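Okay, so here's the structure we're looking at.
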Amino acid sequence: MSTPDVVDELHRRGLIAQSTDETALRASLAEGTVTYYCGFDPTAASLHVGHLIQFMVLRALQRAGHQPIVLVGGATGLIGDPRPSAERTLNSPELVAEWVERIRTRVAPFLDRPAAEEGLRAPVYVNNLDWTAPLSAIDFLRDLGKNFRVNRMLAKEAVSARLNSDAGISYTEFSYQILQANDFRELFERHGCTLQTGGSDQWGNITAGTDLVRRTHATSVHALGTPLITRADGTKIGKTEGATVWLDPELTSPYRFFQYWLGLDDVDVRAWLPLFSERPPEEVAALLASSQEKPQAREAQRALAEELTRLVHGDDEVRQAEAAGRALFGRAELSDLSPDTLEAALSEAGVTTVEGEWPTLAALFQQSGLCSSLSDARRTIKEGGAYLNNARITDGEVVPEPSDVLPGGWLVLRRGRRTVAGARQIVSTRV
RNA sequence: GGCGGGUUGCCCGAGUGGCCAAUGGGAGCGGACUGUAAAUCCGCCGGCUUAGCCUUCGAAGGUUCGAAUCCUUCACCCGCCA
């Protein structure tokens, strides 16, 4: 029995949108351990669910016995890769450095855990600031710049889109592809890295790297591009209620993370399940069939929510998130829930505390973050979208009654069908 | 350096002296219908002590009874020319 081919697996799951010479890549992967890398730029304090697909590729290759390198772009994050729309705002070096660290610690579990538990190769972490910062302008122009033809650089989609837009493009962002190309060259020289994976929106930068290695080392190295994932409604992955779904639990609670996947529509979950699930193909097929036959059961959504929450946040958080969901969306009367259950559920959903007297309900909605302003809270109440303990609120100017308070001192606030927060009064001890 | 064009609410984009808190579209939010789905329909979508008031149209000044709209200066962006 031959070992399953990792390229086959990636294709089956739809994780490959484009690649360089695939025959050569397959041969290389079959021949022995390949060192491969994927880079993440610190453009925010955390990665988000859109980045998960890169980890799926990294993990599949790791499982096949290859050596991962995770690059965090301490240098490229200072420059900014060209977005199709407009120039990026530069972030301060201090901030970028902070994000680099934060991202690096969050990313570890994806590859370190399999290394520890299954004896796979442990990832190497690198920061491109290490080799980019020492580059002088002379080095950059003489040693690197000579390898790049402006004609080809202009032809890259990210650049040409901007050239044809009102926004134009700065020399800074135009240079980005050279830095990313140089990363591949550095990793080839330092670690023998011969494969880069990344999103298809990065394809121009990725091939700039394979070209550079070919020019400077007369060697063909490889690249794999993942498909760009969009939702059925055309919006980007990972946005919900106007907010990004981050991987960092400080920014997006595991509960909300779980709810994001659970709330996917049927079209999206069917498209995404193969991409994001590492279950055996038969299980994935069964879930897809279930989604077709009895979509209202939402089995595919639930399976995906459990699997990904477990991957990103761990077993305990899956249990908490599920229990919270059951408590807050279940049929049970809130007053029948035990204080412990209620507290656990609400702390997952989001909690606000009030010192002293209860404010008006409208103010409570604003303080809980459910509404962005008092006006917003009043508006929501007027529209019939605000609930206290699952009962619609009609007057926002009243103060909660003692009889409203649930066991444990909680009020359950809800906006719309499914955005929930808890509020509790703190009896301030006299100073 | 010269000439021209531009900077409007989350995004795109109307608006060239009062009828502008500012048309329209998208995103978002709420309701109805559902399956914690999609589609659809209806409503909302700067803030507040909400039949009223306050602060917005790159920044600062100015003209005017009155300015997003006119003038001046500054900043930034785009294009053509040098």
Side-chain angles (χ1 to χ4, degrees), chain A residues 82-90 161-174 230-245 255-273 287-288 290-306 309 321-332 345 348-349 359-363 365-388 390-397 412-421:
Chain A
R83 282 184 298 190
S85 51
E87 194 83 5
R88 287 179 189 272
T89 311
L90 292 176
R162 285 280 293 281
L163 282 174
N164 294 322
S165 77
D166 287 347
I169 184 169
S170 67
Y171 187 75
T172 307
E173 290 193 2
F174 177 60
T230 50
R231 302 191 56 158
D233 58 13
T235 58
K236 276 169 71 178
I237 180 175
K239 298 279 184 186
T240 181
E241 288 146 23
T244 301
V245 182
Y255 167 78
R256 285 193 202 289
F257 183 88
F258 185 90
Q259 287 289 327
Y260 173 74
W261 301 102
L262 190 60
L264 284 183
D265 70 63
D266 300 337
V267 174
D268 287 332
V269 80
R270 286 168 204 158
W272 292 2
L273 191 68
L287 286 167
L288 289 176
S290 161
S291 174
Q292 291 288 351
E293 287 155 22
K294 37 177 178 147
Q296 65 280 13
R298 307 183 74 80
E299 284 177 1
Q301 280 93 335
R302 183 163 294 277
L304 196 57
E306 285 173 6
T309 307
E322 285 192 306
R326 272 198 303 276
L328 299 176
F329 291 106
R331 297 273 180 271
E348 290 288 314
T360 62
L361 291 174
F365 269 75
Q366 188 262 319
Q367 285 169 29
S368 69
L370 250 30
C371 295
S372 61
S373 66
L374 255 183
S375 294
D376 187 26
R378 293 198 177 104
R379 196 182 298 131
T380 303
I381 291 166
K382 196 168 81 186
E383 292 173 341
Y387 305 80
L388 171 65
N390 287 345
R392 180 170 285 171
I393 296 170
T394 50
D395 184 357
E397 303 311 315
V412 176
L413 310 176
R414 175 156 62 85
R415 177 180 189 169
R417 191 68 193 86
R418 54 180 152 153
T419 313
V420 179

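Worth saying up front: this structure is predicted, and the values here are computed from it rather than measured. Letters go in sequence order (proteins before strands), and every chain restarts at 1.
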If we call it a pair only when both distances are under 3.5 Å in a Watson-Crick or G-U wobble match, what pairs with B/G24? B/C12

My understanding is that a pair needs two contacts under 3.5 Å, Watson-Crick or G-U wobble. By that rule, which nucleotide pairs with B/U72? B/A60

Could you please name the partner base of B/U55, counting Watson-Crick and G-U wobble pairs only when both distances are under 3.5 Å? none

Which whole number of Å gives the distance between the C1' atom of B/G46 and that of B/G9? 7 Å

Can you tell me how far apart CG (A/Asp266) and CD (A/Gln292) are? Round to the nearest 0.5 Å. 8.5 Å

Parallel, tilted or perpendicular: ring planes of A/Phe174 versus A/Tyr171, cut at 30 and 60 degrees: tilted

Re B/G1: Watson-Crick or G-U wobble partner, both distances kept under 3.5 Å, found to be B/C81

Return the set of residues passing side chain to side chain contact (heavy atoms under 4.5 Å, CB included) with A/Glu322 (not counting sequence neighbours), or none when no residue passes. A/Phe258, A/Arg302, A/Glu306, A/Val318, A/Arg326

Whole-Å P distance, B/G30 and B/A37: 11 Å

Could you state the atom-to-atom distance from CG of A/Leu370 to P of B/C29 in whole Å? 12 Å

Between B/G62 and B/C80, how far apart are the two C1' atoms, rounded to whole Å? 33 Å

Length of the line joining A/Phe257:CZ and B/U36:P, which is rounded to integer Å: 22 Å

